[in-house]
Amino acid sequence: FRHEEFAEFALVKGKFENNIERYYKIAADQARSAYDRRIMNPAILQARQMMDTAFSSPAAVSGMNTDLWRVNMTTYLNALKEMQDISTAATRELSSQKLSAVDRSLIISAVILIVVVLIITWLLVYTIRSIASSISLIKNVADRIAKGDLNLTVPVQSKDEIGELAKSFNKMIGVSKEYVVIADTIAKGDYTPVVNVRGEADRLGVALQNMRQNLLTLSEENKTRTWLLTGTSELNDTMRGEKEVHELAQDIINKLSSYLNTQVGAVYVAENGHLELAGSYAFNQRKGNTNLVKRGEGLVGQSALEKKPI
């Protein structure tokens, strides 16, 4: 060795041995086996021995055979080159396997993504069709209600907003049926049904309640009017014909008492400034009363004097 050549040789040899040791630790089993087989070559063993001798005894280098050194080192380098090729091939194979695994993962991921997209698409289509079908059903029901058909219900049983809308429609149909029954009952002349007004905004309920009350009032007025007309007609029939005053008065009080369901009745005729009893109904037994009453005397005279009921 000349000058600093030994130091350079020792540095290179140390790096070389460290690299070999690190390679041996991380290499695959197949690569280590190949290295072990090649390292047992006699030329390589002799080359390693010559390197160790040169490192331990630098002065012995001058006595070494140069050709033998070259041949052994060449063999060693060729073996290392073969190991490099083996490692490169192994690395390529491993990379190829990893790429294949990545490709398979990508394919599987793509298939899974496509399946998920298809499932989501199917769910969306199913949901949209279900919602559209429910809305169409509710629309048809609304059209039938608008035409006056109440013999129906909305058969939507879902728990979402569509289901709540269907329940509201069914409640509306039920209320409408209730109002129809009440209206039919009132139309038959029965005004006893009670109209349940569901709030200030229930204009139909308020209108139906007002109609019931108005018809009830009108019916009572008609009954009263009919009662008066019937009584007047019957009284006119009773008064027809040529009758004396007492006979006519008796017929009138009899008819009035019977028609009015009174217990006692009497008819007085004004004559010569006093009132004379002309006819009576259940007025036979009386104390202190005469058939002649002066104006202002007793209840009868006072009523005649004031010309108004007492």
Side-chain angles (χ1 to χ4, degrees), residues 148 150-151 174-310:
L150 298 178
N151 295 321
V175 172
S176 298
K177 287 182 178 179
E178 180 181 345
Y179 284 163
V180 168
V181 172
I182 293 175
D184 287 340
T185 304
I186 294 174
K188 294 176 182 178
D190 183 3
Y191 305 106
T192 57
V194 178
V195 181
N196 295 320
V197 180
R198 290 163 175 80
E200 296 180 358
D202 187 7
R203 299 183 63 184
L204 178 59
V206 172
L208 190 61
Q209 186 180 55
N210 292 337
M211 181 189 72
R212 169 187 170 278
Q213 186 60 40
N214 293 335
L215 289 176
L216 178 60
T217 302
L218 181 61
S219 176
E220 292 175 352
E221 292 176 354
N222 287 336
K223 286 181 181 179
T224 302
R225 188 179 298 108
T226 301
W227 181 81
L228 289 174
L229 292 175
T230 301
T232 302
S233 177
E234 293 180 2
L235 185 60
N236 289 333
D237 292 340
T238 301
M239 295 171 60
R240 285 195 182 97
E242 296 291 337
K243 298 180 181 181
E244 294 181 356
V245 173
H246 290 279
E247 181 183 2
L248 178 61
Q250 187 63 45
D251 290 341
I252 290 174
I253 194 59
N254 287 339
K255 184 62 180 179
L256 289 176
S257 298
S258 175
Y259 198 76
L260 296 176
N261 293 322
T262 59
Q263 296 180 356
V264 179
V267 175
Y268 289 87
V269 177
E271 185 176 350
N272 298 325
H274 61 271
L275 302 175
E276 181 181 356
L277 180 65
S280 65
Y281 181 83
F283 195 61
N284 295 326
Q285 296 181 358
R286 54 192 187 277
K287 295 180 181 181
N289 292 327
T290 62
N291 293 336
L292 294 176
V293 178
K294 295 181 180 180
R295 294 182 183 274
E297 182 182 10
L299 293 176
V300 175
Q302 189 65 33
S303 177
L305 180 62
E306 296 179 3
K307 295 182 180 181
K308 62 182 181 178
I310 296 178

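Small disclaimer: the values here were computed from a predicted structure and weren't measured.
- Applying the side-chain contact (heavy atoms from CB on, under 4.5 Å) rule to V206 yields the partners V197, N210; only residues at least two apart in sequence or on another chain are considered.
- In plain terms, the two heavy atoms of G279 and A249 that are nearest each other are N-CB, 4.0 Å.
- Residues passing the ring pair (Phe, Tyr, Trp, His ring centres under 6.0 Å) test with Y191: none are found, sequence neighbours excluded.
- For K243, the salt bridge (charged side-chain N to carboxylate O under 4.0 Å, His left out) partners are D251, not counting sequence neighbours.
- For E276, there are no side chain to side chain donor-acceptor pair (under 3.5 Å) partners two or more places apart in sequence or in a different chain.
- The list of ring-ring contact (aromatic ring centres under 6.0 Å, His included) pairs with a residue in residues 232-256, not counting sequence neighbours, is empty.
- S303 and K308 make their closest contact through OG-O, 3.0 Å (heavy atoms, listed as atom of the first residue, atom of the second, distance).
- Between G301 and V293, the shortest heavy-atom distance links the atoms N-CG1, 3.8 Å.
- Within the 4.5 Å cutoff, side-chain heavy atoms of V195 are placed close to those of Y179.
- Note that the CG atom of L256 and the CG atom of N261 stand 12.0 Å from one another [nearest 0.5 Å].
- Judged as a side chain to side chain donor-acceptor pair (under 3.5 Å), and not counting sequence neighbours, the contacts of E306 are Q302.
- Pairs of residues two or more places apart, or lying in two chains, never qualify as salt bridge (charged side-chain N to carboxylate O under 4.0 Å, His left out) while including a residue from residues 203-212.
- When the shell of 6.0 Å around NZ of K294 is examined, it contains 12 or fewer heavy atoms from other residues, nucleotides or ligands.
- Here S257 pairs with T262 under the side chain to side chain donor-acceptor pair (under 3.5 Å) rule; sequence neighbours left out.
- Formation of a donor-acceptor pair under 3.5 Å by the Q250 side chain with backbone atoms of S280 is found in this model.
- Evaluation of the side chain to side chain donor-acceptor pair (under 3.5 Å) rule for Q209 yields no partner, not counting sequence neighbours.
- Here the closest heavy-atom approach between residue N291 and residue Y268 is recorded as O-CE2, 4.3 Å.
- The list of side-chain hydrogen bond (donor to acceptor under 3.5 Å, both in side chains) pairs with a residue in residues 221-234, not counting sequence neighbours, reads N222-R225, E234-K255.
- Atom-to-atom distance recorded for L275:CG and L305:CG is 10.0 Å, nearest 0.5 angstrom.
- Annotation: side-chain contact (heavy atoms from CB on, under 4.5 Å) contacts of V245 (sequence neighbours excluded): V269.
- Here the CG atom belonging to D202 is positioned 9.5 Å from the CG atom belonging to N196, to the nearest 0.5 angstrom.
- Atom CG in L260 sits 11.0 Å away from atom OH in Y281 (nearest 0.5 Å).
- For L299, the CG atom sits in a loose shell: 12 or fewer heavy atoms of surrounding residues, nucleotides or ligands are nearer than 6.0 Å.
- Residues that satisfy the side-chain contact (heavy atoms from CB on, under 4.5 Å) test with V181, not counting sequence neighbours, are T185.
- Here the CG atom belonging to L215 is positioned 12.0 Å from the CG atom belonging to D190, to the nearest 0.5 angstrom.
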